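Counting begins at 1 with the first residue of the sequence. This is a predicted model, so every value here is computed, not measured.
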Amino acid sequence: MNRYQKGFSLIELLIVVALIGIVTAMAVPNLIASKRAANEGSAQSSLRIVFTTQHTYQATFGNGAFAANLGTLQGQSLIDSVLGNGSKSGYNFAVVDQAGSGSTAVFGCYGFPQVTGGPTQSGMRRFGVTEVGVLRGDTDLAAIPNNRALINGMAVLGN
């Protein structure tokens, strides 16, 4: 062997590549789970924003009624254009069952994952809120909670 010959052998390089592969295989599922958890946190926050802005709309622009959709809230500059378009951070949002005025005014709003299965699942829970402000959610991804009764049927979330 030449005394000026330096570097790594093929075996050493293969061992390093194998170790990098093992570390990556362990890290990717955690990364995906973290992204899913962040999407769910964003969905909960978005529903709190919709609840707050609905009451602002009712008191200022709505003559006692809640907004019928997110576009109306966006049009009054109460929510941003991302949420106003009904999709944010891997979740779809919509206002449902808006009716009444004044003390009889009601609405519901839900957040449902855009991708409900597989490795690219954007969320494992669905969420909802009504005019009373109780944030609800569950893991039943079989149906979109597209009315107040379904939203009220979900479990109350803790703080």
Side-chain angles (χ1 to χ4, degrees), residues 13-59 61-62 65-100 105-159:
L13 290 175
L14 288 175
I15 290 171
V16 169
V17 169
L19 289 174
I20 290 172
I22 291 169
V23 169
T24 302
M26 292 187 314
V28 168
N30 291 335
L31 178 65
I32 292 171
S34 295
K35 183 176 181 184
R36 198 176 300 130
N39 287 348
E40 290 179 359
S42 175
Q44 292 175 29
S45 177
S46 295
L47 287 174
R48 286 185 181 105
I49 289 169
V50 169
F51 169 76
T52 302
T53 58
Q54 278 283 38
H55 283 277
T56 301
Y57 180 87
Q58 180 190 32
F61 304 108
F66 293 115
N69 56 54
L70 296 173
T72 302
L73 297 174
Q74 178 189 348
Q76 297 297 331
S77 299
L78 295 172
I79 59 174
D80 64 12
S81 62
V82 177
L83 183 56
N85 288 328
S87 178
K88 184 175 182 180
S89 298
Y91 271 76
N92 293 323
F93 299 91
V95 172
V96 295
D97 288 351
Q98 177 274 337
V106 295
F107 80 94
C109 185
Y110 69 82
F112 196 80
Q114 292 174 346
V115 181
T116 58
T120 60
Q121 185 176 15
S122 58
M124 297 180 69
R125 298 186 291 171
R126 63 185 186 163
F127 302 102
V129 69
T130 62
E131 71 283 350
V132 296
V134 177
L135 190 60
R136 299 174 176 273
D138 63 24
T139 59
D140 180 11
L141 298 182
I144 294 174
N146 56 4
N147 61 56
R148 289 178 61 249
L150 288 175
I151 292 170
N152 286 326
M154 293 188 281
V156 174
L157 296 179
N159 295 336

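With sequence neighbours excluded, the residues satisfying side-chain contact (heavy atoms from CB on, under 4.5 Å) with V132 are T130, V134. A search for side chain to side chain donor-acceptor pair (under 3.5 Å) contacts involving D80 returns nothing, not counting sequence neighbours. Judged as a side chain to side chain donor-acceptor pair (under 3.5 Å), and not counting sequence neighbours, T53 has no contacts. Taking the side chain to side chain donor-acceptor pair (under 3.5 Å) definition, one finds that R148 meets it with E131, sequence neighbours left out. In this view, R136 satisfies the side chain to side chain donor-acceptor pair (under 3.5 Å) rule with no residue, not counting sequence neighbours. Evaluation of the side-chain contact (heavy atoms from CB on, under 4.5 Å) rule for T120 yields V115 as partners, not counting sequence neighbours. Qualifying ring pair (Phe, Tyr, Trp, His ring centres under 6.0 Å) partners for F51, counting only residues two or more places apart in sequence or in other chains: H55. Taking the salt bridge (Lys or Arg N to Asp or Glu O under 4.0 Å) definition, one finds that R125 meets it with E40, sequence neighbours left out. Taking A105 as the reference, Q58, F66 meet the side-chain contact (heavy atoms from CB on, under 4.5 Å) condition, with sequence neighbours excluded.
For the side-chain hydrogen bond (donor to acceptor under 3.5 Å, both in side chains) condition, the pairs that include at least one residue of residues 105-114, sequence neighbours left out, are S87-Q114, N92-Q114. Sorted by first and then second residue, the ring-ring contact (aromatic ring centres under 6.0 Å, His included) pairs with a member in residues 134-158 form an empty list; sequence neighbours excluded.
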Only pairs under 3.5 Å count here: list side-chain donor-acceptor contacts from residues 16-35, not counting sequence neighbours, and write none if there are none.
{"residue": "T24", "atom": "OG1", "partner": "I20", "partner atom": "O", "Å": "2.8"}
{"residue": "S34", "atom": "OG", "partner": "N30", "partner atom": "O", "Å": "2.9"}

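Residues M124 and P113 are not in side-chain contact: their nearest non-hydrogen atoms beyond the backbone lie 4.5 Å or more apart. Contact check for V95 versus Q54: side-chain heavy atoms found under the 4.5 Å cut-off.
Looking only at distances, no side-chain donor or acceptor of R48 sits under 3.5 Å from a matching main-chain atom of L135.
When all heavy atoms are compared, the tightest approach of I79 to Q74 is CG1-N, 3.6 Å.
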